[in-house]
Asks: 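Please see the structure below; I have some questions.
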Amino acid sequence: MRRGGLVVLVLPSVLYLVVMFVYPFGYGVFLSLHPAKGASGASLANYFGFFGDPWQLRTIAVTASIAVPNTIVTVLLALAVAYAMRRGIWAERAITTLLVLPIALGTVLVAEVADLPRLTHNYTGVMIALFVQHFPFCFLMLLGYISGIDPALESSARVLGARPWVVFRRVMWPLIAPGAAIAFALVFVMNFGVFPSAVLVGQPAGATRTIAIAAYQQAFEHYDMSMASAIAVVMGLCQLLGLAIVVLLRGRLAATGVATVGAGKR
């Protein structure tokens with residue numbers, strides 16, 4: 001009976017995963033292995049074409065140069081603000097609202113900036129747009145996670161004479177690390193799939209031609225869905241590689257800590 005109940009509970013999640021991820025990814029792989037032109041049957045021609053073309057291949061480096069530093073800055077700043085607000089501060093609701101409000105503006109806000117220094121049609125504009133879009137999401141996630149750590153742990157360390165930096169490094173960070181790793185992974189995936197920001201405030205034909213733009217151009221400008229699928233698969237594999245690295249590091253970051261969650265703010 002228990003097994004049957006477990007199956008009923010797990011089945012919707014499995015179906016959702018299959019419909020929303022496994023099938024689209026598998027179908028994309030299938031399309032990528034059947035070029036619109038050239039060899040008949042399954043072929044790696046699209047992948048050879050992508051990796052053999054420097055103009056296409058550089059999109060991976062361009063995307064990484066945007067995604068990695070932006071993710072690091074976003075998570076570090078969100079972590080600093082969330083840590084400062086972990087036990088509540090004056091006008092907390094108003095400050096939280098102001099920090100979260102830009103999530104509704106994002107790219108459009110930066111695209112409308114016309115004064116010097118010019119923030120459109122360049123790398124800087126894309127970085128700012130992504131930060132504006134993803135900081136609120138990351139901040140809320142980390143604030144909820146950090147606020148759930150039992151305050152008694154921090155108080156006990158201070159009573160024993162530990163200084164604030166020692167408390168953070170030896171007590172709080174091992175507990176925060178798993179949540180920070182999850183936030184980093186999610187923000188990285190969103191940043192690596194950057195498309196609207198790179199088009200609206202970047203240089204889609206130059207400095208900010210990301211891998212998502214390359215896939216779009218193949219699909220809707222060259223009408224080659226097979227090549228577009230291959231590029232999308234490469235992008236997905238890069239994102240999965242990033243996730244795998246974060247997951248491997250996550251265990252080491254929190255190796256010395258066991259989170260005590262549930263006490264919340266006091």
Side-chain angles (χ1 to χ4, degrees), residues 66-113 115 119 124-158 162-197 200-201 242-243 246 249-250 253-254 257-266:
I66 294 173
V68 175
N70 193 279
T71 301
I72 293 173
V73 171
T74 300
V75 174
L76 287 180
L77 290 180
L79 177 61
V81 177
Y83 188 79
M85 297 176 62
R86 67 193 182 283
R87 302 295 170 236
I89 60 175
W90 179 80
E92 179 181 0
R93 292 186 177 180
I95 294 174
T96 301
T97 301
L98 291 175
L99 291 174
V100 174
L101 185 62
I103 201 171
L105 303 175
T107 305
V108 177
L109 174 64
V110 180
E112 292 180 350
V113 176
D115 298 330
L119 301 178
T124 303
V126 177
M127 296 292 284
I128 294 175
L130 289 176
F131 177 81
V132 171
Q133 288 175 306
H134 299 153
F135 175 84
F137 164 78
C138 186
F139 163 71
L140 288 177
M141 181 188 304
L142 290 175
L143 180 63
Y145 190 89
I146 296 174
S147 298
I149 297 175
D150 191 345
L153 299 174
E154 184 178 359
S155 299
S156 299
R158 290 185 175 181
R163 296 182 177 181
W165 170 245
V166 176
V167 172
F168 174 79
R169 183 171 60 89
R170 300 293 297 273
V171 178
M172 297 298 290
W173 174 243
L175 307 178
I176 295 171
I182 294 173
F184 187 96
L186 294 178
V187 175
F188 170 77
V189 168
M190 292 188 293
N191 280 335
F192 204 89
V194 56
F195 178 79
S197 298
L200 292 176
V201 297
L243 289 178
V246 173
L249 294 177
R250 180 176 179 267
L253 290 173
V258 179
T260 302
V261 181
K265 295 181 181 179
R266 292 185 177 178

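In this chain, numbering begins with 1 at the start of the sequence shown.
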Asks: I need the minimum non-hydrogen distance between Ser197 and Val194, along with the two atoms involved.
Replies: CB-CG2, 4.0 Å
Asks: Restricting to non-hydrogen atoms, name the atom on Val166 and the atom on Ala162 that form the minimum distance, rounded to 0.1 Å.
Replies: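 For Val166 and Ala162, the tightest heavy-atom pair comes out as CG1-CB, 4.2 Å.
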Asks: Classify the angle between the aromatic ring planes of Phe188 and Phe184 as parallel (below 30°), tilted (30 to 60°) or perpendicular (above 60°).
Replies: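 Ring orientation, 0 to 90° scale: parallel.
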Asks: Rounded to the nearest 0.5 Å, what's the gap from OG1 on Thr96 to CG on Leu101? Could you check?
Replies: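 Thr96 OG1 to Leu101 CG: 12.0 Å, rounded to 0.5 Å.
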Asks: Within the 4.5 Å heavy-atom criterion, are Ile95 and Trp90 side-chain neighbours or not?
Replies: no
Asks: List the atom of Leu143, the atom of Met85, and the distance in Å for their closest heavy-atom pair.
Replies: CD1-O, 3.9 Å
Asks: Side-chain contact, heavy-atom cut-off 4.5 Å: Val73 with Met127?
Replies: no
Asks: Could you tell me which non-hydrogen atom of Val246 sits nearest to which non-hydrogen atom of Ala185, and how far apart they are?
Replies: CG1-CB, 4.0 Å
Asks: For the residue pair Phe168 and Trp173, categorise the inter-ring angle as parallel (less than 30°), tilted (30 to 60°) or perpendicular (more than 60°).
Replies: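 Tilted, since the angle between the ring planes falls between 30° and 60°.
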Asks: So, do Leu99 and Leu140 sit near enough that their side-chain heavy atoms are less than 4.5 Å apart?
Replies: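 Leu99 vs Leu140: side chains apart.
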Asks: Let me confirm one number: the CG-CG distance from Leu142 to Leu77, rounded to the nearest 0.5 Å.
Replies: 11.5 Å
Asks: Can you tell if the side chain of Ile182 reaches within under 4.5 Å of the side chain of Arg250, non-hydrogen atoms only?
Replies: yes
Asks: Using modelled atom types and a 3.5 Å cut-off, is there a donor and acceptor pairing between side-chain atoms of Tyr145 and backbone atoms of Leu175?
Replies: yes
Asks: How far apart are the closest heavy atoms of Val75 and Ala180, and which atoms are they?
Replies: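 So the minimum-distance heavy-atom pair works out to CG1-O, 4.3 Å.
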Asks: Given side chains that start at C-beta, do those of Leu79 and Ile146 come closer than 4.5 Å, heavy atoms only?
Replies: yes
Asks: For the residue pair Arg86 and Glu154, establish whether any side-chain heavy-atom pair is separated by less than 4.5 Å.
Replies: yes
Asks: Measuring only between side-chain heavy atoms, which start at C-beta, is Phe137 closer than 4.5 Å to Thr74?
Replies: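 Heavy-atom side-chain distance check fails, nothing below 4.5 Å.
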